[in-house]
Amino acid sequence: MKAGIVPIHVWLPEAHPVAPSHISALMSGVMLKVALYGLIRFCFDLIDKVQWEWGVVLLIIGTVSALGGILYAMMQPNLKRLLAYSSVENIGIIFMVLGLAMIFLDNGHPDLAALGFLAALFHAFNHALFKNLLFLGAGMIQQQTHELNIDMLGGLIKKMPQTSMVFLVGCMSISSLPLFNGFVSEWLAFQTALQVDVLDNGVLRSLIPVSAAALALTAALAAACFVKVFGLTFLGVPRSRHSEKAHEVKDKGMLAATTLLASLCFLVGIFPSVIISLINRVSSQLLAHTLPNESVLSWLWIAPVSHEQASYSPPLVLSGALIAGCVCYWYLRRDPAKAIRIAPTWDCGFGGLTPRMQYTSSAFTMPIRRIFAKAWIIDEQVNKDMQGAMNQDVAAVHYALHIQDHSWPWLYQPLEREVNNLAKQVGRIQTGNIRTYLGYSFVTLLLLLWVIS
Amino acid sequence: MNWTTIFLTQHVGWIDPEMPDKPIGDYIGGVAHHSPLNNVAVWQIEDKHWQQFAITAVAENLRWVAGWAEQANEQFIVNASFEKNGVYMVLRTAINASKPELPSQATVYPAANRSERHTQDMFGIHFIGHPDNRRWTRHQAWDKHQYPLRKDFPVQGEPAEITPPDMHYDFVKGYGAGVYEIPVGPVHAGIIEPGHFRFQAVGELILNLEERLGYVHKGIEKIAEGRTPESLARLAGRISGDTTVGHCWAACMAMEQAAGVEIPSRAAFIRGILAERERIANHLGDMGAICNDVAFTFAQMQFTRLRELWLRTHASVFGHRLLMDVIIPTGVSRDVSEQSCELLKKDSVMLRKELADIMTAIDLNSSLEDRLYTAGYLSPDIAAAFGTVGYVGRASGQNFDVRRDATYPPYDQVTFKVALEDQGDIASRFWVRHKEINASLKLIEQFIQLLPEGEISTPWTTPTIDSEGLGIVDGFRGEIISYVRFDTDNKIARFYPRDPSIVNWPVLEKLVLNNIVPDFPVCNKSLNGSYSGNDL
Amino acid sequence: MNWLIAILQTTLFVALAPLLAGWLKRCKCYLQNRKAPSVLQPYRDLLKLTNKQPVVSEQASWLFIKAPYIIFSATILAASVVPLIAVDLPTSASADVIVMVGFFAFARFFLALAGLDVGTAFGGMGSSREMTISSLAEPAMLMAVFTITMTASTTNLSWAISHVLEQGLVLRPSFVFALFALILVAVAETGRIPVDNPTTHLELTMIHEAMILEYSGRHLALIEWASQLKLMLYGVLIANIFLPWGIAQSFTPQALGYGLLAIIGKLAVLAIILAIAETLVAKMRLFRVQEYLGFAYLLGLLGMLSHIILEASR
């Protein structure tokens, strides 16, 4: 409950944004982890034998939370609410991997359980880093612009260069891009999921890859979400007077704190082995197992299972990136005659681009909203003021969009209504939609496999 | 007895008692040598009945066709044309130039909206009650109180060095969180004419689309004044490059009516061949362009190839790839020889065969089908409300074709079927074009077969002052109306061409609703309005 | 020595990418009964662009100017992971296939941000569409990749290819499904018809092109090159995983030369197949893409299931 798991997460995006930013940072970064700590203590420590069924439950809850969290986050125009929802997503990811660890543990693969455990704890650590960073960044934006609605922001990269830099690092980490810390833990999570071949149970063997694909979807959606956040907040043209008049944070302490977090995000992304060895101590206490052969060249590589199966060397990758980038930069920038010319943005010859001509939060996420329409309760209204002959002349257009979490009505509706709904849901099985039918057949297949095994 | 007569007997009270059937010359104060529009009833009513007439007309299911005005000394003469069952009429009123006001018909007919705004920009006539009094053709090229079509405005205009962009046009706004605007044009990435489109959108969802045209205003109406008939025909041929035959024919028809000249039958048949060949060339181009807009390049290349071969025959038979200036007042400038007839016949056979092959391939392609069917739906009701003509109207069940319903030589001597579709989507507009190509091929074959011997032009008679003519022909986009009035000495006093695009453009704003942003280009291409013909 | 060959291979990758684009264009022209430009035309275009002075919007920030370099480098890094002519090179050990997908995400992240940077509707439109499509394509891609990696029990591409080579030519249903899934994803990710139309001039229908509308000069050259590289990368991925025969397993000049010839041949054939497919279909509606990618995902899933049910030997 405290961890903020779908569908009982609704308090989280309500509570976090109202707190001052440094408090919300702590709430997301630390408080949620307390719940996680409790869970780990309970499952891995207090209880003698872990049942793999619990792992499956955790895996499913985690998958739903991760996907639900990021989809809900996507639709938020309010920066802090968005970040709070994204905490739901990240907690979901941690739960998924913990679930995997439990499954492996009960199936007699403590080494792989250790890997999952490592991925979960590493991700919890990373989440604490980048979510703190992002909340503090949001606080800095709020302080300077008095706005948290990203439809009112824009162009801050020029007004607040340092803030934008640290925020960019946060966005890249949370989008799990290589070279940053979020990627390492997600990579480890994928590696854990891919060890599924060692299991005997057919259902698990097909369920886990599907959840791995869900994890991939989550990661990709997170990237889309944070492209939206950074792009609309910091790039483009200011959308309101507040953001136009914004300037860099004066308080050195604020900048120092966020810069520290940002550099940690980067350093942990480049040298994950340091944190891995720390976490290994925890897992050796809890599981009496550490990573099989943790690494060959410890600070350079991570190879969680064996070198033949998978390896990742962030320092090498970084140096490669630097070499490639610098070479082409140097090559192309040699000729001073070809210096960049600054010109007005192309306006199709109409003259006069305005901030209204930029994408907005609901515009950016509209394709996602349409594709995953079932994930929310969407109330979209377009009203037009018509006039003139045969009412064919449009005078003004009014648009209103309300997106609600499914959990609200589900949680608070009386049981009776629920039963009614259920009856309706049954009637809705025949959607006529091929994807839904495929979903049904897949679920049936899984159930049958379960029965057989 | 057609509807105009019945209508007249019912509303006889509206006829201006002071000026019953008075020709324009009387307003001007000259001597009236009036030759009435011989195919069209002209009514003169008092200005106060202007709007009332429209209300009655819309109840009688009359289609609003065109509106234009002109200055006659201290008065503005305002005209509007209506049509029903292929019979046209012109409504006329005179208003005082010192207080140029007229009740708007745009409150009744959506089609009159932009036309009245055009008149407002050009003459400074205020249309009372007009739902939308923003400028239209006027951008920033003239000062606020200059009206280019008034007599005191010089033909050359008084252009500023560079016309500033018209950036403060008051577009319809979308309100609500998340709404943004997409400005597209007037300069596009492709090689198309200039026009600005303003979307109010949320993501891919189009809330509203507004067109802003007028970027290719060339002052056709102004520079037509004082021309000779030959020179006007050349000008009309350049109103919209792809409809050179259509516009030229309409202008010549109007002038010939005014002058009372009857063209030889052979000339009429050659004009028919020209018009149908122009139609085929443009339809081939359009069908290819529709395919290209959904990235089906293969079909586009094939259509382009066919069109190119077709145009080369134009060049070899008529001396111009786009058939410019073949039609002249009094007839046509080029005869077709026996060999040319054979060539044209062979061309038609070849095209029919090749087209059939391509259409089979297109018909079988489900990915193309998915793009075209149900997209860009224009309901028959909206099409009727806006008086949509041509293939756009005919794809939405508007069963009207000037060639059949208000027939003129040579179409009165042949039989043909008007292509019709009723689904109203892009596919309908695509297939209606295909049907029209086949119908045109048959027409060309009939024309060649029936081609009478004789002269290709007759001598010109100088028309009397104030003789008027209204040319109505079917261009490839649909009905073209050309109004011509002569001054003294064989000079043009007023020329107004109404391109079909003028009434077709507004429905684009309607048919893109319920489509997503990336489907707009193909919707636009399926309509293929002329920017130049609209902006004049 | 190994490092030298690895660097050589990556350079070869970068150098050959425009050639593949030129060849593809040539095939498409032939199929449309058009005269084709020389296969070297993409090189000339890139050269022309690098020699031009870049014009940058006054609204653009540093991110817009640096993004092309970042995108290009990230794509090169992704290329260095994929074995082109030889397996078992050190670069492919430094990162596995998941990291490669990560590099694509990296490049895309910056491309989408650059689209938003100038503050026009088109840039935002492109970014929004690109991020939507990629978030659907990534799970499908990983599903296909997981099938392969589970079969070979490694996520390292080099090892996976060696594994396939060792197994010999076995018809595995899982591989067939994964192959088709990967092809569908590759078409979507590289912005080819029917998902995106790389040659369109219609701003409103663009996806990739809309994001880079404001780029010019060397910046545009880098982005164009990166997308050519990406196309080649997917081609090589498909060719070398599913038909790895011919790739050099030792570092003798003979084996390397043979590997080079083999991959050129394979890519040429793949390009012809792609050109035929692009000629046959129209671009699909934007909101059909989820069905298309859903189908790809399903194929990947079927591949996975058939591996688990039919092939796993336990």
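Everything numeric here is computed off the predicted structure, so don't read it as measured data.
For the 3.5 Å distance criterion, the side chains of C:Thr155 and A:Gln191 qualify, holding a donor opposite an acceptor.
Interface remark: C:Thr149 contributes side-chain atoms only to the contact with chain A (heavy atom separation under 4.5 Å). Contacts between C:Ile76 and chain A at a heavy-atom distance below 4.5 Å involve the side chain alone, from C-beta outward. Residue C:Ile98 touches chain A through both its backbone and its side chain, counting heavy-atom pairs closer than 4.5 Å. Of the atoms belonging to C:Phe287, it is side-chain heavy atoms, and not backbone ones, that fall under 4.5 Å from chain A. Residue A:Ile368 touches chain C through both its backbone and its side chain, counting heavy-atom pairs closer than 4.5 Å. With a 4.5 angstrom heavy-atom cutoff, A:Ala193 does not touch chain C via any of its atoms. For C:Lys66, the part lying under 4.5 angstrom from a heavy atom of chain A is the side chain only. With a threshold of 4.5 angstrom between heavy atoms, C:Tyr297 approaches chain A through side-chain atoms but not through N, CA, C or O. Using a 4.5 Å cut-off between heavy atoms, C:Ala140 makes no contact with chain A at all. Heavy-atom distances place both the backbone and the side chain of C:Phe106 under 4.5 Å from chain A.
Summarising the geometry of C:Leu136 relative to A:Ile371, their closest heavy-atom pair is CD1-CD1, 3.8 Å, with the distance given to 0.1 Å.
Interface with chain C: from residues 320-330 of chain A, residues A:Gly320, A:Ala321, A:Ala324, A:Gly325, A:Cys328, A:Tyr329 qualify, criterion being any non-hydrogen pair under 4.5 Å. Residues of residues 171-178 of chain A lying within less than 4.5 angstrom of chain C, judged on heavy atoms, are A:Cys171, A:Met172, A:Ser175, A:Leu177, A:Pro178 in numerical order.
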